[in-house]
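These numbers were taken from a predicted model, which means no experiment stands behind them.
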Amino acid sequence: QVQLVESGGGLVQAGGSLRLSCAASGRTFSSYFMAWFRQAPGKEREFVAAHRWIGVSTYYADSVKGRFTISKDNTKPALYLQMNSLKPEDTAVYYCAAGSTNYYLGPYDYWGQGTQVTVSS
């Protein structure tokens, strides 16, 4: 069992930055990937970024490449998402996920409650 709690969301203007945090507890050693997903109103949940929990490989959706950076701290443990040059289309609830999947897109087994990111134009 893995518990995930996101924080750091908020309201920012376009071009601004936010840093999301995901505090993990439980059996994180069983996770091969941790990731960020987001869901905007009326849209399907979409992949944002992923990080191998043991290793350095990272993966990004094309829509966030060059703007977002995923990072991790295996000792806390925690997952982070640094979001720069935010756009209104980044507005969504952002979810942290963990899983034993061998594929960075999932399926993921555990999800946080989400944190709201709103980017105004």
Side-chain angles (χ1 to χ4, degrees):
Q1 186 71 27
V2 177
Q3 295 80 45
L4 305 171
V5 180
E6 303 95 332
S7 62
L11 173 64
V12 298
Q13 292 190 332
S17 298
L18 282 174
R19 184 174 176 85
L20 304 184
S21 298
C22 173
S25 62
R27 301 170 64 185
T28 56
F29 59 86
S30 297
S31 298
Y32 294 155
F33 283 102
M34 292 192 71
W36 291 97
F37 287 76
R38 66 187 183 186
Q39 187 167 21
K43 297 182 65 177
E44 294 292 316
R45 183 189 303 137
E46 67 173 337
F47 169 78
V48 177
H51 207 319
R52 284 193 178 273
W53 196 236
I54 304 299
V56 297
S57 297
T58 59
Y59 307 84
Y60 294 94
D62 287 343
S63 60
V64 306
K65 286 180 181 176
R67 299 189 298 122
F68 291 9
T69 302
I70 190 170
S71 60
K72 65 174 183 176
D73 184 335
N74 291 89
T75 60
K76 290 192 177 179
L79 186 74
Y80 305 98
L81 186 68
Q82 178 66 45
M83 305 185 296
N84 299 326
S85 301
L86 283 162
K87 305 174 181 179
E89 49 263 47
D90 294 318
T91 295
V93 176
Y94 283 71
Y95 297 92
C96 179
S100 58
T101 177
N102 292 316
Y103 182 46
Y104 70 93
L105 290 177
Y108 283 86
D109 304 306
Y110 304 100
W111 298 84
Q113 83 290 345
T115 185
Q116 177 71 48
V117 172
T118 303
V119 184
S120 62
S121 60

- Task: Examine the side chains of S120 and Q13 and answer whether a donor and an acceptor come within less than 3.5 Å of each other.
- Result: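 Q13 and S120 do not have a side-chain donor-acceptor pair below 3.5 Å.
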
Can you tell me how far apart [atom1] ([X]) and [atom2] ([Y]) are? Round to the nearest 0.5 Å.
| X | Y | atom1 | atom2 | result |
| --- | --- | --- | --- | --- |
| N84 | T69 | CG | OG1 | 6.5 Å |
| Y95 | R45 | OH | CZ | 7.0 Å |
| C22 | D73 | SG | CG | 12.0 Å |
| D109 | T101 | CG | OG1 | 8.0 Å |
| W36 | T115 | CH2 | OG1 | 7.5 Å |
| F68 | L20 | CZ | CG | 8.0 Å |

- Message: Exactly one of W53, F47, F33, F37 should register a ring-ring contact (aromatic ring centres under 6.0 Å, His included) with Y108. Which one does?
- Response: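 Testing Y108 for a ring-ring contact (aromatic ring centres under 6.0 Å, His included) against W53, F47, F33, F37 leaves exactly one candidate, F37.
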
Non-hydrogen atoms of [X] and [Y] that approach each other most closely:
| X | Y | value |
| --- | --- | --- |
| C96 | M34 | SG-CE, 3.9 Å |
| Y60 | K65 | O-CE, 3.4 Å |
| A92 | Y94 | O-CD1, 3.4 Å |
| V64 | R38 | CG1-NH1, 4.0 Å |

Checking the side chain of [X] only, and the main-chain atoms of [Y] only, is there a donor and an acceptor separated by less than 3.5 Å?
| X | Y | value |
| --- | --- | --- |
| Q82 | R19 | no |
| T91 | V119 | yes |
| R67 | S85 | yes |

Cluster link [X] to [Y], ILVMFWY, side chain under 4.5 Å:
| X | Y | result |
| --- | --- | --- |
| V5 | L81 | no |
| Y32 | Y103 | yes |
| L11 | V117 | no |

- On the ring face of Y104, is R52 found with NZ or CZ under 6.0 Å from the centre and within 45° of the axis?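 No - R52 does not lie over the ring of Y104 by the 6.0 Å and 45° rule.
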
- Within a radius of less than 6.0 Å around CD of Q113, do more than 12 heavy atoms belonging to other residues, nucleotides or ligands occur?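 Yes, enclosed.
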
